[in-house]
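Here's the structure, in structure tokens; my notes come after.
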Amino acid sequence: MASLGNPKETIEILNKYHFNFQKKFGQNFLIDTHVLDKIIKAAEVGKDDLVVEIGPGIGTLTQYLCEAAREVVAVEIDKNLIPILEDTLSDYDNITILNEDILKVDLNRLVQERNGGRPVKVVANLPYYITTPIIMGLFEAHVPVENITVMVQKEVADRMQAGPGGKDYGALSLAVQYYAKPYIAANVPPNCFMPRPNVGSAVIRLTLHGDKPVVIKDEALMFKLIRASFNQRRKTLANGLNNSEEIKLSKELITEAITELDFSPSIRGEALTLADFAALSNLIYDKQG
């Protein structure tokens with residue numbers, strides 16, 4: 001039975017193994033059973049599911065996942081945590097622990113071998129500094145994933161689900177919403193972790209789209225336009241695109257495309273929706289011929 005969701009048990013395990021927190025890995029372990037229950041509920045983990053957990057730490061959330069899922073594959077980069085995980089997860093026979101960097105794991109192969117290619121669920125309490133690379137890596141590698149339920153910094157969760165016009169809206173919002181539907185399942189204060197982080201966190205579920213919400217002729221081009229539009233937020237869309245080293249287009253072509261879509265010449269990127277960026281991207285693609 002899961003036993004690690006409280007400070008006392010966590011401290012006992014850490015002391016037993018003389019564990020020292022590694023700042024470079026952004027380690028903050030959950031010590032709140034209510035939050036753990038909310039993560040399992042948000043991820044909709046069931047007995048038919050293969051779950052890939054990123055950064056299991058000492059196995060707190062992993063115990064809950066093992067009890068809810070058919071099988072769990074936990075990927076932990078810190079070799080010092082492997083003996084602890086082998087101890088705390090010794091009662092479970094449906095867990096595989098990989099001492100690897102998740103960014104280097106061939107998840108498509110793992111899903112094929114362990115789940116017959118059927119979509120898996122990804123659950124993680126992510127270090128803040130690596131949140132975006134991991135999530136975007138899963139999206140861009142087209143790993144068969146049903147949903148991704150992650151603990152992230154509160155402001156990152158807000159950015160993922162933000163709409164046009166607000167300060168939180170940006171390239172991350174558009175990238176996430178192109179691939180998935182975001183839903184913030186819970187806000188989590190610092191006192192739910194050991195050690196306590198300096199900022200609040202949130203549990204966000206990203207449910208991958210069956211069909212993308214927009215049709216794109218050149219995905220790479222659209223994301224270049226998006227990045228260029230938000231790299232210099234105070235500039236107009238036209239100037240932002242014109243000043244980008246990523247985009248090799250004439251100012252005339254850029255202005256012509258913006259005008260053809262009936263946007264004001266002074267419009268800024270933060271005013272455009274995902275559908276607007278898709279339309280702009282497709283128009284520029286056609287003009288490049």
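Keep in mind that the numbers below use all heavy atoms, side chains included, and drop hydrogens, waters and symmetry copies.
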Give a yes or no on this: more than 12 heavy atoms of other residues, nucleotides or ligands lie within 6.0 Å of atom [atom1] of [X].
X	atom1	answer
Lys47	NZ	yes
Glu245	CD	no
Tyr183	OH	no
Asn198	CG	no

Is there side-chain contact between [X] and [Y], with at least one heavy-atom pair below 4.5 Å?
X	Y	result
Tyr17	Asp87	yes
Leu241	Ser229	yes
Tyr64	Ile39	no
Met194	Leu14	yes
Thr131	Val150	no
Arg70	Asn94	no
Leu30	Met151	yes
Asn187	Lys154	yes

Requested in this report: Tell me yes or no: between the side chains of Tyr179 and Glu140, is some donor less than 3.5 Å from an acceptor?
Outcome: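 No pair is found: no donor N or O on one side chain lies under 3.5 Å from an acceptor on the other.
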Show the nearest heavy-atom pair for residues [X] and [Y], with the distance to one decimal.
X	Y	result
Val145	Pro119	C-CB, 4.0 Å
Thr273	Pro164	CG2-CG, 3.8 Å
Phe193	Val188	CE1-CG1, 3.7 Å
Leu253	Ser250	N-OG, 3.1 Å
Thr236	Ser266	CG2-O, 3.8 Å
Leu225	Phe277	O-CE2, 4.2 Å

Query raised in the report: Could you walk me through whether Tyr178 and Phe223 pass the ring pair (Phe, Tyr, Trp, His ring centres under 6.0 Å) check?
Result: CA-CA 10 Å; Tyr178 173 67; Phe223 283 113; 5.6 Å; yes
Requested in this report: Just jot down the salt bridge (Lys or Arg N to Asp or Glu O under 4.0 Å) partners of Asp276, sequence neighbours excluded, or say none.
Outcome: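 For Asp276, no residue satisfies salt bridge (Lys or Arg N to Asp or Glu O under 4.0 Å) once neighbours in sequence are set aside.
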Requested in this report: Report whether Leu274 and Ile204 are members of the same hydrophobic cluster (ILVMFWY, side-chain heavy atoms less than 4.5 Å apart, transitive linking).
Outcome: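 Yes, Leu274 connects to Ile204 through the hydrophobic network.
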Query raised in the report: For the hydrophobic clusters of this structure (ILVMFWY residues joined by side-chain heavy atoms under 4.5 Å, transitively), does one cluster hold both Leu206 and Val52?
Result: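 Yes.
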Query raised in the report: Quick one: does Glu71's side chain have a donor or acceptor within less than 3.5 Å of a partner on Thr96's backbone?
Result: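 No, because the side chain of Glu71 does not come within donor-acceptor range (under 3.5 Å) of the backbone of Thr96.
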Query - Working for salt bridge (charged side-chain N to carboxylate O under 4.0 Å, His left out), residues Glu219 and Lys212 - result: CA-CA 11 Å; Glu219 201 173 282; Lys212 300 286 195 308; 5.3 Å; no
Report task. Please test Val120 against Leu107 for side chain to side chain contact (heavy atoms under 4.5 Å, CB included), starting from the C-alpha separation and ending with a verdict. Result -> CA-CA 10 Å; Val120 300; Leu107 287 174; over 6 Å; no
Query raised in the report: Is there a salt bridge (charged side-chain N to carboxylate O under 4.0 Å, His left out) between Lys8 and Glu12 once you walk through the steps?
Result: CA-CA 6 Å; Lys8 180 176 176 289; Glu12 284 181 4; 3.0 Å; yes
